[in-house]
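Just so we're on the same page: letters track the sequence lines, and every chain starts at 1.
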Amino acid sequence: MSNSRISSKKELPKAYIASEVEDELYVRWEKSGAFAPHGTGEPYAIMMPPPNVTGILHIGHVLEQALMDTKIRFERMRGKRALLLPGTDHAAVATQARVEKDLIAAGHANPRKEFGRDKLLEIIRKYAEKNKSTMLSQIRMLGTSCDWSRLAYTLDEKRSAAVVTMFKKMYDDGFIYRGYRVVNWSVVGQSTCSDDELVHIERKATVYTFKYSKDFPIPIATTRPETKLGDTAVAVHPDDKRYKQYVGNTFTVDVGAAKPLLLKVIADKAVDPKFGTGAVGVTPAHSMIDFELQEKHGLELIPVIGKDGKMTAEAGTAYAGLIAVEAREKFVAWLKKEKLLIKEEEISQNVATSDRFGDVIEALPMRQWFVAVQKEIPGRGKTLKDLMREAGEKIEIQPERYKKLYYQWIDNLRDWCISRQVWWGHRIPVWYRETNSKFQIPNSNADLYIDSNPPENNGWVQDPDTLDTWFSSGLWTFSTLGWPEKTDDLKTFYPTAWMTMGYEILFFWMARMILMSEYALKEIPFKQVYIHGILRDSEGKKFSKSLRNTIDPLVLTKKYGTDALRLALLAGNTPGNDSSFNEERVQHYQHFVNKLWNISRYVLMQIPDFKIVLKAPKPSTIADGWVLQQWSKTLAYVTNKLERAEFSQAATMLYTFTWEDLADWYIEVAKIESRQIIQEKKAKDAILQYILPQLLKALHPFIPFASEAIWGSLSSGELLISEQWPVAGKVGDVKGHDTFEEIKKKTTAIRQMRSEMKIPQHQKIDVKTGLPFVQYKAVVESLTNSTMTITDDVMPVVEAVSTLTDSKRKELEVYIKSIESKLANKEFTKKAPKSVVDAEKKKLADARAKLGR
RNA sequence: GGGAAUGUAGCUCAGUUGGUUAGAGCGUCACAUUGACAUUGAGAAGGUCAGAGGUUCGACUCCUCUCAUUCCCACCA
């Protein structure tokens, strides 16, 4: 009775059913306090890239969660004070755009007008809260071991306070300014967007070449004739002989705008004399480039298109109120009538569209808030761009090629427009003194007050705009640690250790985190960044709702287990590269998890009184020695790969060891040998009791649930999550160059020989007397042309004589000679770094060993 | 226009210091089986490692060029 009770405690069910254990295990981990950083080890923090509340987690998030969690579990087990801090992002424009789209689809033609600010915000807030709670439960489901006590949200009270503090600091230092500049305007979204929020799409357009008037000497080419109603200059290259005579002159032309246009001919090197007519009609109000020319040359600025995408009064009575396309047709018709149109041709051109609202962006001059990136910081003599560049050198980016991209982005960076005309987000903490009941936001910056609340109860009006969502995301690495307060967390964990993100938000997010962190804390936000690729479907397409190819992670985890899903995503995924997701892989890794389960099950059946062995036991057979040696190598490799965040290689190695080395080889051989070797069963048991627990530890970062579930049957003590990372036991100096393949071949050969020689399966072989073993040994030696010895101390040694072909042998001999001559060269040994010389020596030794020397 | 990545078995992908016979999963074909596991085991077929040239004793790996695919940045007004 008591026996069966004990055995039932240890016995595992026949198959691993993930869904039956996962939830319970997560709760146990959380209750144990393992998720919170503890101990006195080196601090190691990872800030979770906060998923947007625009939706719920998709398969791409699972990859990200798996990367972070694997890393943090590993570091935690190594004794670091590990913190993975969870959170979510309000995703200002994206969320509002999403909700508005739904509302419009539900019949509310103009949600902003219909509901008003407060009501619409409430609708968005509910939507966000719903997604947020779904996402948080998804994160739990994925096994992410994050510290929930530090949960953050970009729009919560603490993060909002950080935003206000940062805004104020930057304003006081002169980095945030309010300026009248040309910005990207989405007519559909009725909001600005930053340069990075544009998506360029290629489309056909017509280039019209025309003259402003019959006597105007310079022909102009344009794809947007309607904007020409607002031209204030014509720019040519300073060296262009055709037009040099006109530079400095001002022409008056009447093209039908409200007032005749005064066109100044200016010279600027930005103009390409070889392109088009070699002259540019400068429309400062509706082109970024032209706006820069305007600033440089002090030109006039005439807005002819308004926020509604329609022509303004400035465009003249003939055009005012028309949408741009209509105005274009009308203007071209007029040009034709006046015989000013020289030619029309079709070209393909890239136009900027809003990534959230989808419409073509208008460049409009507006009064907005900006972050100055080219201005020197008082006392530091550097611009924000400089800081970002310098920080780039201190941060390790994996893969390295993204660093180049980052620098390229900095070089092209213009002042960052941070104000948005949507309502969802951090409202700009700027107050204007109310002067009368018909108050309008003033153009001047006098009487501004910056804080989350006005200085007095009455008489102040807050700026209606909100901040670009990346402003708050940029603070993420430190706002989550309590900044601006000088918290212990900030002192302990900053700069954070590691961060992962997709390459598509490199500029949006990474760059801005670096900017904000360098500016506010004079520190890099993180030491290492791991850039992951995008997961695509089996046809190589992006997952998207419109393509209806999205996969619910929940369905996959229920079907195959979270561990299988995590492993499938990590194994075979390399940093920075996209990868295709296919379900077969998940299924395969489910099989793997089950295999591990059954290995453990078998081991427990063989060893009913299983006790964890900590010290590497003494091997007594070749198989023992081999498996110990192999495990030692595997563990060292895996540890190294995890340190360097090379997850795929670590996972693959563990996979191979578990399935091939341990299950297919060692345990299979053990089955045979256990029938032969009576007195060594204890030694074999000890090896399994040593390796299996270590293997579970090493696998835990990848497959936390299954490893923990099995661990529960091996040990009645601590949870696996809190165990120490194993250290490879000392193995004897192992000579020889057997690979797994070689050993496997030998084993197969032995099996064959045994059956040919009719050595009964159950014949007992006693190692100590050596008698039957001699036969065994002889068989191996004759088959593999090797000598086999078992040493007393630690490991058995198999000294394989290489079975090289003559041609290969010759090749190697030449190779050896080449290294020898290289080493004999004094120039080389003197000038080359020591590591290189040592490497050459090692190569030589290896090559010699291969030849059996 | 500038830059980057990718091209390895039918499919999805590994392969970091250049070195023995280029790997895995899935798929295909045939074989085995009764107590860990059919979510199994042992095996086979399938590759001019995109192409050409170069460096080297030796190149999937390094260099150059070409082709194909994809992406990023800038933008022509």
Taking B:A77, B:A36, B:G15 as options, the one with an atom nearest any side-chain atom of A:Gln649 is B:G15
NA contact type, A:Phe581, heavy-atom cut-off 4.0 Å: base, sugar-phosphate, or nothing?
nothing
Could you tell me whether A:Arg585 contacts a base, only the sugar-phosphate backbone, or nothing, with contacts defined as non-hydrogen atoms closer than 4.0 Å?
nothing
Do any side-chain nitrogens or oxygens of A:Gln349 fall under 4.0 Å of OP1 or OP2 in B:A77?
yes
Would you mind telling me which of B:G25, B:U39, B:A77 lies closest to the side-chain atoms of A:Val271?
B:A77
Sugar-phosphate only, base, or nothing, as touched by A:Ser287 at under 4.0 Å among non-hydrogen atoms
nothing
Considering every strand and a 4.0 Å limit on heavy-atom distances, what is the contact class for A:Gln408: base, sugar-phosphate, or nothing?
base
For A:Leu506, answer base if it contacts any base atom (sugar-phosphate contacts may also be present), sugar-phosphate if it contacts only those atoms, and nothing otherwise; contact means non-hydrogen atoms under 4.0 Å.
nothing
Taking Watson-Crick and G-U wobble pairs with both distances under 3.5 Å, convert RNA chain B into its dot-bracket string, 5' to 3', dots for unpaired and | for cross-strand pairs.
(((((((..((((.....[...)))).((.((.......)).)).....(((((..]....))))))))))))....
Which nucleotide in the set B:A36, B:C37, B:A77 lies at the smallest distance from any side-chain heavy atom of A:Ile347?
B:A77
A:His588 ring center within less than 6.0 Å of A:Tyr655 ring center
yes
Side-chain N,O (A:Ser600) to OP1/OP2 (B:A36) below 4.0 Å:
no
Describe the nucleic acid contact of A:Thr277 in one word from base, sugar-phosphate, nothing, applying a heavy-atom distance below 4.0 Å.
nothing
Establish, with yes or no, whether the OP1 or OP2 oxygen of B:G41 is under 4.0 angstrom from a side-chain nitrogen or oxygen of A:Trp659.
yes
For a quick check of understanding: with a heavy-atom distance under 4.0 Å over all strands, which category does A:Asn412 fall into, base, sugar-phosphate or nothing?
sugar-phosphate
A:Thr283 near the nucleic acid: base, sugar-phosphate alone, or nothing, with a heavy-atom cut-off under 4.0 Å?
nothing
Distance test, side-chain N/O of A:His200 to OP1/OP2 of B:C73, below 4.0 Å
no
Over 12 non-hydrogen atoms of neighbours within 6.0 angstrom of NZ in A:Lys264:
no
Output the single nucleotide from B:A77, B:C75, B:U39 whose closest atom is nearest the side chain of A:Lys228.
B:A77
Which residue lies toward the 5' end of RNA chain B, A:Gly278 or A:Gln590, if each is placed at its nearest nucleotide?
A:Gln590
Using a 4.0 Å heavy-atom cut-off, does A:Thr652 contact any base of the nucleic acid, only the sugar-phosphate backbone, or nothing at all?
nothing
Are OP1 or OP2 of B:C11 and a side-chain N or O of A:Ser580 less than 4.0 angstrom apart?
no
Kindly say if A:Lys595 contacts the phosphate of B:G41, meaning a side-chain N or O under 4.0 Å from OP1 or OP2.
yes
